[in-house]
Structures are given as structure tokens and as C-alpha cells.
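A quick write-up on the structure given underneath.
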Protein chains: 4
Amino acid sequence: MSTGGAGEPSRTGRPRDETIDAAVLTAALDALAADGYGGLSLVAVARAAGTSKPALYRRWPTKQRLVLAALEHQVQAVEPPDTSCTMCDLAECLGLFVTAFEAMPPGVLAPLLADGQDGEDLREEFMTRLFDPPRDAVRLTLARARDRGDLRLDVDLGLTVDLLASFVCYRAMFGHAPTTPREIEAAVETILQGIAADYPALLARAQGEPVEVGPHELHAAHAPTR
Amino acid sequence: MSTGGAGEPSRTGRPRDETIDAAVLTAALDALAADGYGGLSLVAVARAAGTSKPALYRRWPTKQRLVLAALEHQVQAVEPPDTSCTMCDLAECLGLFVTAFEAMPPGVLAPLLADGQDGEDLREEFMTRLFDPPRDAVRLTLARARDRGDLRLDVDLGLTVDLLASFVCYRAMFGHAPTTPREIEAAVETILQGIAADYPALLARAQGEPVEVGPHELHAAHAPTR
Amino acid sequence: MSTGGAGEPSRTGRPRDETIDAAVLTAALDALAADGYGGLSLVAVARAAGTSKPALYRRWPTKQRLVLAALEHQVQAVEPPDTSCTMCDLAECLGLFVTAFEAMPPGVLAPLLADGQDGEDLREEFMTRLFDPPRDAVRLTLARARDRGDLRLDVDLGLTVDLLASFVCYRAMFGHAPTTPREIEAAVETILQGIAADYPALLARAQGEPVEVGPHELHAAHAPTR
Amino acid sequence: MSTGGAGEPSRTGRPRDETIDAAVLTAALDALAADGYGGLSLVAVARAAGTSKPALYRRWPTKQRLVLAALEHQVQAVEPPDTSCTMCDLAECLGLFVTAFEAMPPGVLAPLLADGQDGEDLREEFMTRLFDPPRDAVRLTLARARDRGDLRLDVDLGLTVDLLASFVCYRAMFGHAPTTPREIEAAVETILQGIAADYPALLARAQGEPVEVGPHELHAAHAPTR
DNA sequence: CGATAAGCGAGACGGTACGTCAAGTCTTATA
DNA sequence: TATAAGACTTGACGTACCGTCTCGCTTATCG
């Protein structure tokens, strides 16, 4: 499962120094945070990690793979909550999504994907390793909501996931400021109104069983509509 | 108007050759489409445009500015429709938005914005010149809808615009496939359900006054479920 | 005789601005003194002279010709003395030669001659305008000395002139320090001993009719031989 | 010895390819001979040598250093003869000096020294590596002559060396034609007459023990006149 | 237990693009 | 027609990074 480093280390000969993997990934993250994807120099990363260029290329075939591994190195799993309060779950799940993306250095994801030299394989790998987990968490949360009857049956789950995920990414890419919990909740409310079987009931349930993610501000916006 | 090129051409001396501006921008677009942002070589662009590097740097101070000008060179204005059918207007407006972004070579926007070397000024310029026009068209369409009473009064217009715009950008950046009219309509419907004062009325109006953008498929999905 | 500027100004149309010639030559000399031949930028010269590049090229076909004209602009004629004291005349004449060359900015002559692009014509022009005058002064001085019987009849005047001139140039090119009068005199004495019909007589005459150029140090070196 | 290239190659890492040094220096000499110093393009040299620009800059920090190394690469050591015939030795030694300088492509030395960008260090290096060896050979020859009593005791050896060296350089720089052995001998005779303790004796010795460097023409000029 | 295979740091290798600068020519509007 | 201004093409400059390679050395495992 050790996704990160080893291309395919040989069984014989001197074994790889495992500490180098971590040192390089950390150094790469620092460099990415400092100079962005375009300004990333592999020789600088190697020096900062106390190693050399060939050691990098022994582990990752291209610059892109190294960056991908570095990003993967720092994300933590998104564990979708399941409190049976659809609105709360969705807000929290999306919050985790946002957190995962905002933890990455800004201005790295997009150039990485667009670098082209590594073609579709890289995009696929990126999706599998970085993007799908939080996305699947959102999808799972939505599926649970549908299964318990909170959503209309004709709702296109894929489209809804895209709507939510795109909002997160939009901010991560163009956003001047980070996405606040307040904004997340507002987005969730708007989307839910569009897909809920009985939105007022969901809202009532959320007010009755407030989640820890700022339940008070959560409903302030729509309170007058009640 | 001050479209693409001239940084600030002097009033005296030999005037700039206007044909060079266009030739360079066209060549740059071709090169971007062929090799992506990272693979863009200014000397290659200059050669393809039948001119030289200094002529480029005389017009655009950095690679980013040139690319920005090239992108701006090919987008056409988004004229928001106003047929008083909220759903139709919104779908068409968003379709224009998508078209504008999909006309750009893929994998250019993101690295351009993330290149960093030009800092915040570039992001601002990008927003002003490329992003805001279609965005404002959507906002205007939404504002018209609200003014004619189609939307709830407490709707956050900014948030809604972001939700729609982010969906477009998401596809333009991560999208494997282009965004189809069908997807646009589905997204519009979902969002509208979340913000409409009386969604069934909007839907009925759209069905009574079908727009040219595939009105039949448009409502097929949800109409039967009602 | 106006050697400097005008390539061949037309008789009709707007007449050339004569002040530009002088301004350019002066600016060129300043620039040469500051940055040497290799660091000379014509556009910088034009700006410093308050004019433009085309105005320069209208007057001098190449960079080399401009430099040549600039050097010529500042040299003054070498008037060979004729006091019938061979040693004094020669020393003074050579001193004028040295002065003429040391007045020129260092490190300009040689690169100018070696620039090649202007071929033999430039070398010829250089010789005619800059080098031959002081050289001819030395040759004249030597010829006068021979005519009055101070030199052996078989002396090769051309060779002797070259020996003396080369010493001057050597210092102007490789010399770390300027050539002092003392060194000039020592060189003259050595050469004279090699070509004089009766060196002791010349020496005695120089001592009897001391020239203003430091007569005391002049003979100090050889005094013990007396 | 430390001939041409390596600035200061590190002891660790991949060692430099020695063949590149030679290939570059040879290519540089060819280019210098073809286009002169001013027309020397480092990228052209690199291409001609089958290598790349960075490989050049790794070895020589500036264009000047490369040219200096190239010149040094082709000069051979000047071994001063010691036949106890002062006149013969001096003539041969000076002939070697001339040969060494005329082997260099014309019009390179002077612009190299005048390029300025490398300052005094370059001039010093040039002196040490190229100029001093033949110069010291002449000085040694003169010192031997003095030690065996052939020269007057008050002769300034430094000045004499300068007189002879300057004659060589003068021709190498301004010379239209190469310096012939005949001219060398004439110059030696003239100078020797100025510094010999007993010139007729030296001349007689040279005639009695003729050297291989054209002894017959050597004295033809002056012998009859006596 | 010694050979061998692969790891290691270091850095040179050929390429390629960068952004700048100068040369010499041209094209304006103005005088 | 000359002028000032400046845009034009060409091409070298010196630097930086890429991904590969070669070195001398160290460290395991296998024979």
C-alpha cells in the first residue's frame, strides 16, 4: 500500500534509505508552499532533503509524480460522519473536504494536472489518490441521506457531488480567501433545498440536533423564512 | 477597449506594427493548444508569428501577460439573454459561460494563475478581463429574475453565482469531458429549486415558452416525477 | 578637411545639424573612457548626445568609423621640434607621441583595429589619420639627424622608427603604468647608441644644450661612464 | 602546469570530460581565426565542439578566460638557446618569441586584453601564462650575455627586454605583414650596438660561429659598411 | 566470509528556455 | 530632405532547470 515512494526497489543490493523518502516529500512540500509548482526545483528539493537528484529519480519517475506523492503525503483520510442529520453530515463532510484541499499549498494542484508531460495517467492517479476519497465521502453521505428518504428519488447524485466539489475547488483555485464554515453551510442549504424531499423537515432536524459546526449561525440566514 | 497587447506604446517614434500583436496572440493560442502552458516557448511563439522575442517583450512584460492577452483575444462577449423565462435565461447564460471557457485551450488557465511570478496583479487582471464578464452576465440574469419576483428575497446572489461559476470552472479544469447542455440544465434546475420563490411556476413557464436550447430534454428528467 | 562626420551630406533638403557631430564625438569619447570599446553602446552614445541612432548612422557608416572619428577628434598635431640637438629632439618628439596616445582612452585602439568587420580599409584609415602623423614626426626628426651627420649612414630609418613607436604602443597597450619621461629618455639613449655615428658627441651636445624635459635625470644613468 | 580548462573541478561527483576541454579550445581557436575576437560566439564554439554552453561556463567563467586558455593551449614553450654567441642567441630567442605570437590568430590579443569586463586579474593571468615565458627567455639570454661580459654593466635589462618585446608585439598587433627573420636580426643588431660592451667583438664572434638562422644575411647589412 | 549488486552524495553531461541587450535598418510625424 | 523617436530583425549573452550519466564509496544480501 505504501503509495508514496518506491518505484520498485530491487530485492538485492543495498536497500533504500527509507528516511530519504520522507525527507524529500517534506522538503518538496516546503518548496511548493514557498515557490509554487512552477518554481519547484528538484535539485533544490534534493539539497534541502540532504540528498541528491538521482535519489529522487530512483523513487519517482517525474517531477509530477514526486509532487503528487508529496501532496498525498500530507492529506489525511476524510471520515464521513453519520449522525442521520443530513444537513449536519453534509456540512461537516464538506468542511473536511475543504480542509483537505486547503491544507495543500495553493497553486499546485492545477499546474500539476495541466503539466501535460505525464498525460492521462497522472490525472488518473491524482483522481484516485487525492480527489476521489473526499469526493466519495460526500457521495456516501448523500447516498445515506437518499437511502433514509431525505432526498428526492430522481436526484442525480453525481451531479450533486460535482456541484459541491466544484464549489470547494473553485475557492481553492481562484479564491482569494479560504472558504469559511459559514459559506459551506450556505451552499449546503441552497443545494439541499434543491434536492431534499422535505427541506423544512431537514432544517428542523438540524435545529433539533445541532452539530458542533456552528449550528447557530447555520440557520440564522433562513430563520425568517420559517 | 484596450484589448490585448500594447503595454503603453509611445506617441512618438515609429508606431507599433499592429499586425504583430494579432499574429503573436494567434501563434500563442496555437502553441498553448499544442503544448500547454508549461510547454510554451516564447521564442517559438515569436518565430511562429514571424517576429522576434524583443517584439514580444516590448508588448507584454511577462509570459503570463502574453498568455492572458491571448486568451482574452479569443473570447467573445457574453450577452445575457432576457426573455423573462428565468430558467431559460439562466441555462443559456451558463451555456455561454461554458462555451467561453471551453474555447480556451485546456490546461492553461490554472498554471497561468498559479505561476506566481506575477503575483496578485495578474490574478486581478485575469478576473477583470476574463472571468468577471461571464460571471457578471450570470449575476445580471439572476438579479433580473429576483427583480421580477422569481427568486426568494433572502437568496444570497453572490453565493449562487459562485455555485454556478464554480461548476463551470470545475469542469474546465478537472473535466475529462466537456460540459454538455444537459448537465448545465440539470445544474440550473437543481440550483433553481434551491432559490426559486415558486419553482413549479418557473418550470411551467419554461415549458410554455421553450427556448431553443433543447427544451424537451430540459424538463424530461423532472417533469414526470411531479 | 573636416575629417570627422559627414559621410556625404546631400546638397539639397534640410541641412545637417553641425552641432550634432561634435556632441556625438564628445559623448563617444566619454563612453569609451568609461566602458572601453567593447562596452560602447551606440544607442547610449546617441542618448548622451541628445540625438538618435539614425543620426549617427547617417554620419558614420559603422561603429568603428565613429570611434575612429572620435579619437581623431581629440588628438592634436605633433609638431616635431628642431633644435639640432638630436637627443633632445628625439626625446621630446617621442614624448609628444606618448602624450598623443595616452590621451586616448585606454583599451580602445586595439579592439578597434581588431574588430575586423570593417576590414583593411579601416586599418588604413586609422594609420593615415591617427598613427602616421606622430610616426612621421619621429621619422622626420631622425631624418634631420641623419642629414646633419649624427647617424650612421647605413641605419634603417624605418626599422628605427618602428623600434621607437613600438615601445610607445607597447606601454599604451600592455602597460600597467604610463610611460614616464625618464623611460622615454632611457629608450632614446639606448637606441641612439645603436645608431649614432658618434654617440659621445651627441651626449655632450645634449648636456651642453639641455632641453626642458628634465635634463638632469636624463644623463644621470650614464654619468658614471663618463 | 594547470593548462587550460578546469576552473577548479571538484574532487567529488562526476569528473569532467577531459576531451571536452580540448575540443572546446580547438574550436575556439578555429572560431577566433575565422571571425576574430569580437565575432566569437560561445554558442557557436560549443556547437562546433559538440557540447553545450553550460559546459563552457563550467570551465571558464568568462569569454576572456576561455580565449586566454585557447591561446595558451597552442603555444609551445620557448627554450632559450645558449651557444655563448650573444648575437645568435638573442636573434634565435626573439625569433621564437615572434613565432609564438604569430601562431596566435591575429586581432585577438588586443581586444582580449581591452575587454575590461574581467579587469586586472585577466591582464595579470595573461602576463603570467602567455607573455612572461618568452619574455623571460629573452631576459635570461640577456642576463647570460651580461654575465659573460658581453654587455655593459650599466645596461637596464628590463628596459632592453621591453624594447625587444615591444617590437615583437607591435608587429603582432598593428603589423600588416609578419616579422621576418631579417627584421629581427636588424633589430637585434641595433639594440646590441646600444648595449654591447664590445659590439665589433660580438659581431665577429657571430660571423665566426654562424648559427643556423641565416647567418649570412644576418651580417651582410652592416659588415660591408664598416 | 567475500563477492556482488544496488544504494548513496556529488556533480558533470547535453538540451532548452529564459529575459536582456546591442547592432544596424525601417518607418513615422515634424520641421 | 533631415530630424527625433522608437519599433523592427537578428543573434549573443549568462543563468537556470531538466532528466541522465558517471564517479568513488557504503551497505546489505547471497553464494
Side-chain angles (χ1 to χ4, degrees), chain A residues 9-17 20 38-44 46-47 49-59 61-63 117, chain B residues 6 9-17 20 38-47 50-59 61-63 117, chain C residues 9-17 20 38-47 49-59 61-63 117, chain D residues 6 9-17 20 38-47 49-59 61-63 117:
Chain A
S10 175
R11 298 199 14 74
T12 167
R14 174 175 174 175
R16 289 215 181 128
D17 185 344
I20 289 182
L40 184 68
S41 158
L42 287 206
V43 61
R47 243 195 314 262
T51 183
S52 57
K53 249 195 307 180
L56 269 62
Y57 281 101
R58 226 171 276 128
R59 291 169 168 78
T62 65
K63 188 176 174 176
Q117 322 198 59
Chain B
S10 176
R11 294 202 21 74
T12 169
R14 176 174 174 176
R16 293 233 177 107
D17 185 344
I20 289 183
L40 185 69
S41 157
L42 288 204
V43 61
V45 169
R47 245 198 310 267
T51 182
S52 56
K53 241 190 319 177
L56 266 63
Y57 281 101
R58 221 171 281 126
R59 290 170 168 77
T62 65
K63 190 173 172 175
Q117 320 195 60
Chain C
S10 176
R11 298 197 12 76
T12 164
R14 174 172 171 176
R16 287 216 183 129
D17 184 345
I20 290 181
L40 185 68
S41 158
L42 287 205
V43 60
V45 169
R47 244 196 314 263
T51 183
S52 57
K53 252 195 306 181
L56 268 61
Y57 281 100
R58 227 170 277 126
R59 289 168 169 78
T62 65
K63 187 176 174 176
Q117 322 197 59
Chain D
S10 177
R11 296 202 18 74
T12 169
R14 175 174 173 175
R16 294 234 176 107
D17 185 345
I20 290 182
L40 185 68
S41 157
L42 288 205
V43 61
V45 169
R47 242 195 315 264
T51 183
S52 57
K53 237 189 325 175
L56 267 61
Y57 282 101
R58 229 170 274 129
R59 289 169 169 76
T62 64
K63 190 174 172 175
Q117 320 195 60

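The chains referred to below are lettered A, B, ... by the order of the sequence lines, with proteins before strands, and numbering in each begins at 1.
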Choosing from [options], which nucleotide comes nearest the side chain of [X]?
X: K63(C); options: dC13(F), dG24(E), dT9(F); value: dG24(E)
X: Y57(B); options: dT28(E), dT20(E), dT15(F); value: dT20(E)
X: R14(D); options: dT28(E), dG11(E), dT9(F); value: dG11(E)
X: L42(A); options: dA4(F), dC18(F), dC8(F); value: dC18(F)

Side-chain-base donor-acceptor pair under 3.5 Å for K53(A) and dG11(E) =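 No, the side chain and the base share no sub-3.5 Å donor-acceptor pair.
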5′-ward residue of the pair I20(C)/G39(A) relative to DNA chain F = I20(C)
DNA chain F: 5'-proximal contact among S41(D) and P54(A) (nearest heavy atom) =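 The answer here is S41(D).
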For DNA chain E, whose closest nucleotide is more 5', that of S52(D) or that of V43(C)?
->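 Final value for this comparison: S52(D).
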When T51(A) and L40(B) are each assigned the nearest nucleotide of DNA chain E, the 5'-most assignment goes to T51(A)
Distance test, side-chain N/O of [X] to OP1/OP2 of [N], below 4.0 Å:
X: R59(B); N: dG6(F); value: no
X: T12(B); N: dA5(F); value: no
X: R58(D); N: dG11(E); value: no
X: T62(D); N: dG14(F); value: no

Please round to the nearest 0.5 Å and tell me the distance separating atom OG1 of T51(C) and atom CD1 of I20(C).
-> 4.0 Å
Calculate, to the nearest 0.5 Å, the distance between atoms OG and NZ belonging to S41(A) and K53(A) respectively.
->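 Answer rounded to 0.5 Å: 8.0 Å.
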For [X] versus [Y], what's the shortest heavy-atom pair and its separation?
X: S52(B); Y: A46(B); answer: C-CB, 3.6 Å
X: K63(A); Y: L40(A); answer: NZ-O, 3.1 Å
X: A55(C); Y: R59(C); answer: O-NH1, 2.9 Å

Atom CG of L56(D) and atom C1' of dG15(E): how far apart are they, to the nearest Å?
->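 Answer to the nearest Å: 14 Å.
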To the nearest Å, give me how far apart CZ (R16(B)) and P (dA7(F)) are.
->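 Between P of dA7(F) and CZ of R16(B): 5 Å.
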Would you confirm whether R16(B), through its side chain, and R58(B), through its main-chain N or O, come within 3.5 Å as a donor-acceptor pair?
->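 Yes, the answer is positive, given that a donor and an acceptor are paired below the 3.5 Å cut-off.
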Hey, what bend do you get for the helix from dC1(E)-dG31(F) to dA31(E)-dT1(F) if you fit axes on five pairs at each end, rounded to 10°?
->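 About 20° separates the two local helix axes.
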